[in-house]
Amino acid sequence: MFTIEHEFDATVVTLVDEGPGHLQEDVTIQAFEECVTIEQYDPRSDAVMKITLSMVQLNELAAALDLPEGVYKLSPAQG
């Protein structure tokens, strides 16, 4: 399950882990104009962990999901 909310300065997507077996904490993705943040609560450290991706990194991640193993560099037209 997931939710999508449009706030003043960001679009917020929350991914909720469902189903049988070991479940992970919710993941919150905030898409801003200049970056994307990914947050998840870590019960071991009792803290929310945050990763920030630039828009270039996000474009590279999206491209990487469809490519085989290897080393790549996107041309400006691809990113």
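- Within the 4.5 Å cutoff, no side-chain heavy atoms of D26 are placed close to those of L15.
- With sequence neighbours left out, the side-chain contact (heavy atoms from CB on, under 4.5 Å) criterion links E18 to M1, V16.
- Alongside V71, the hydrophobic cluster contains no other residue (criterion: ILVMFWY side chains under 4.5 Å).
- With rounding to the nearest 0.5 Å, the separation of CE in M55 from CG in N59 is 6.5 Å.
- Under a 4.5 Å side-chain heavy-atom cut-off, the cluster of Ile, Leu, Val, Met, Phe, Trp and Tyr residues that includes L67 is completed by Y72.
- Atom CZ in F2 sits 14.0 Å away from atom OG1 in T28 (nearest 0.5 Å).
- For residues 34-43, the pairs satisfying side-chain hydrogen bond (donor to acceptor under 3.5 Å, both in side chains) are Y41-D46, D42-R44, D42-S45, with sequence neighbours left out.
- Under the side chain to side chain donor-acceptor pair (under 3.5 Å) criterion, Q24 pairs with H22, sequence neighbours left out.
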*asked:* For T11 and I4: C-alpha separation, side-chain torsions, deciding distance, then whether side-chain contact (heavy atoms from CB on, under 4.5 Å) applies.
replied: CA-CA 7 Å; T11 296; I4 302 171; 4.0 Å; yes
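- With sequence neighbours left out, L53 forms a side-chain contact (heavy atoms from CB on, under 4.5 Å) with I38, I51, Q57, L58, L61.
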